[in-house]
Participant: 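What follows is a structure written as structure tokens; I'll ask about it next.
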Amino acid sequence: MNELTLLQDLKARGLIAQMTSEEELENHLNESSVTLYCGFDPTADSLHIGSLVPLLTLKRFQQYGHKPLALVGGSTGLIGDPSFKAQERKLNDDETVASWVNKLKEQVSLFIDFDCGTHSAEVVNNLDWTRGLDVLTFLRDVGKHFSVNQMIAKESVKQRIDRDGDGISFTEFTYMILQSFDFQQLNKSHHCTLQIGGSDQWGNITGGTELTRRMNGNRAYGLTLPLVTKSDGTKFGKTETGTIWLSAAKTSPYAFYQFWLQVADADAYQFLKYFTFLSVVEIDQIEADDKERQGRPEGQGVLAREVTKLVHGEDGLVAAQRITAALFSGDLSDLSADDFEQLKQDGLPSSSLVLQGMSDKPLTSLLAEADMGNGKQIKDALQRNAVTVNGVAKGLEDNFKSAEVFAESEGIYNAYFLVKLGKKKHHLFYYSA
RNA sequence: GGUGAGGUUCCCGAGUGGCUAAAGGGAUCAGACUGUAAAUCUGACGCGCGAGCUUCGGUGGUUCGAAUCCACCCCUCACCA
């Protein structure tokens, strides 16, 4: 990585969507340690993998000696960013947003270094400088610098303005000004001269560079990262079962690991460039090797290992791999009772069985209650012999035989039942001692 | 404030009195094929093992019968003032 400049590396990874005056920015970054920021709005109690790209990019800047600021949007989160959103968003109340802000702060802190001298990272909250701001001051000092003509010309709000059926409220329209104000404030307080963000943020970022120039008389830069897309056109980071969150409480390390393992071939190498710190040369080598080889490629495996380690640490990765090995090797016989307990701890979905009333509860209900799907899906799977209990296929005729299927004597160590639905869904049922 | 257009099952979008749990597409899930890929084909897709139960912005009403008709209300958007 040392032979390339930062921008060259980012470019090679395909991580640059747009930037303000490339040449000047390149010089700026080479001349000195630059303070840069990226904002994360609290729209939930955890970030999801969509935020991983900017987060890791902050880290990349830091590795090159620059100082990253992670801005948590305590105030902007109250407003809602309209950029490229089809619809007006619901407002969350301020206590909720405040609690989310705290969670995001912790999460963001996992990725950047807070103790490395002059380029140590910092977390800032824009509520700190907007809370006390009164409307008139804001309108006179900040609002004056914005031309509504220019604002409505921005691509990011255009579809909302042109669109029949959905419009944009003044509140959301103002979002851009708030974000620009953030940049200007950070420029003043931290000498921050660069803002990075997703490509949907371009309009908001250039708003900030201009406001900084006008109010502070300083040159400021912007750089946007590409939107992560999948080759099949579906949305990245979301499965029908849910978003892939960074929080282990919301998406277990195991599920997280599986997500990356299941990435399509066509996306695996690009994702390695986006989401890992492996050099582009190494990644190209992996890709070339996979092309040579017959059968299953390595790319997804490397990706899953690297990203899981980044987000959940070595322990999270080990746990995820342990579960994966147990479930997909198909061989449960060499697992000890302790191993089963460990799998539960590691995040394999599990639930305890209650003997009482089991005889009149069909498998469909039992499995549905364990969140393995709804009744119809489970029935469908039973019909196709796609449900196995400890490796034994069950059919529709077993639907009313829950008590037999889950008889204690049938369980491994008289306690554990590993139920598999289809190829990939697993659930551990157990009798507590 | 006026005028017009709308609010259908996860999404898009048909549906104007019974044949409609509601066309079609997308997404999703399962099976075959595979590599825990992709593509393709098959099935499921409001809830329920089932009898059956609950839906079409809300509330009332007309009717043997309403997503479809009527009244009022709520919400969204556009244009005008």
Participant: Taking only N and O in the side chain of A:Ser365, is any of them less than 4.0 Å away from OP1 or OP2 of B:G48?
Facilitator: no
Participant: If we take the P atom in both B:U63 and B:C10, what is their distance in whole Å?
Facilitator: 33 Å
Participant: Using a 6.0 Å distance limit plus a 45 degree cone around the ring axis, check whether A:Arg60 lies over the aromatic ring of A:Phe277.
Facilitator: yes
Participant: Using the C1' atoms only, state how far B:U8 lies from B:A66, rounded to an integer number of Å.
Facilitator: 14 Å
Participant: With the criterion being N/O to N/O and under 3.5 Å, what pairs connect the protein with nucleotides 36-38 of chain B, and how long is each?
Facilitator:
unit_1	atom_1	unit_2	atom_2	d
B:U36	O2	A:Gln258	OE1	2.8
B:U36	O2	A:Gln262	NE2	3.1
B:U36	N3	A:Gln258	OE1	2.9
B:U36	N3	A:Gln258	NE2	3.2
B:U36	O4	A:Gln258	NE2	3.3
B:A37	OP1	A:Lys424	NZ	2.8
B:A37	N3	A:Asp265	OD2	3.4

Participant: Can you classify the ring geometry of A:Phe417 versus A:Phe406 as parallel (below 30°), tilted (30 to 60°) or perpendicular (above 60°)?
Facilitator: perpendicular
Participant: Counting only Watson-Crick pairs (N1-N3 plus N6-O4 or O6-N4) and G-U wobbles (N1-O2, O6-N3), all under 3.5 Å, who is the partner of B:G52?
Facilitator: B:C47
Participant: For A:Thr324 and A:Gln258, which I'm curious about, is there any donor-acceptor pair between the side chains at under 3.5 Å?
Facilitator: yes
Participant: For RNA chain B, what residues of residues 370-400 of chain A have any heavy atom nearer than 4.0 Å?
Facilitator: A:Asn374, A:Gly375, A:Lys376, A:Gln377, A:Lys379, A:Asp380, A:Arg384, A:Ala386, A:Asn399, A:Phe400
Participant: Would you please classify the geometry between the A:Tyr416 ring and the A:Tyr430 ring as parallel, tilted or perpendicular, with 30° and 60° separating the classes?
Facilitator: tilted
Participant: For the P atoms, the ones on B:C69 and on B:G7, what distance do you get once it is rounded to whole angstrom?
Facilitator: 12 Å
Participant: Can you check whether A:Leu327 reaches A:Leu418 side chain to side chain, under 4.5 Å on heavy atoms?
Facilitator: yes
Participant: For residues 412-421 of chain A, pull every pair meeting salt bridge (charged side-chain N to carboxylate O under 4.0 Å, His left out), keeping only residues two or more places apart or in separate chains.
Facilitator: none
Participant: I need the A:Phe111 CZ to A:Leu58 CG distance, nearest 0.5 Å.
Facilitator: 11.0 Å
Participant: Under a 3.5 Å limit for both distances, which nucleotide forms a Watson-Crick or G-U wobble pair with B:C72, could you say?
Facilitator: B:G58
Participant: Please name the nucleotide paired to B:A23 by Watson-Crick or G-U wobble geometry with both distances under 3.5 Å, or report none.
Facilitator: none
Participant: Report the relative orientation of the aromatic rings in A:Phe429 and A:His427; use parallel for angles under 30°, tilted for 30 to 60°, perpendicular for over 60°.
Facilitator: tilted
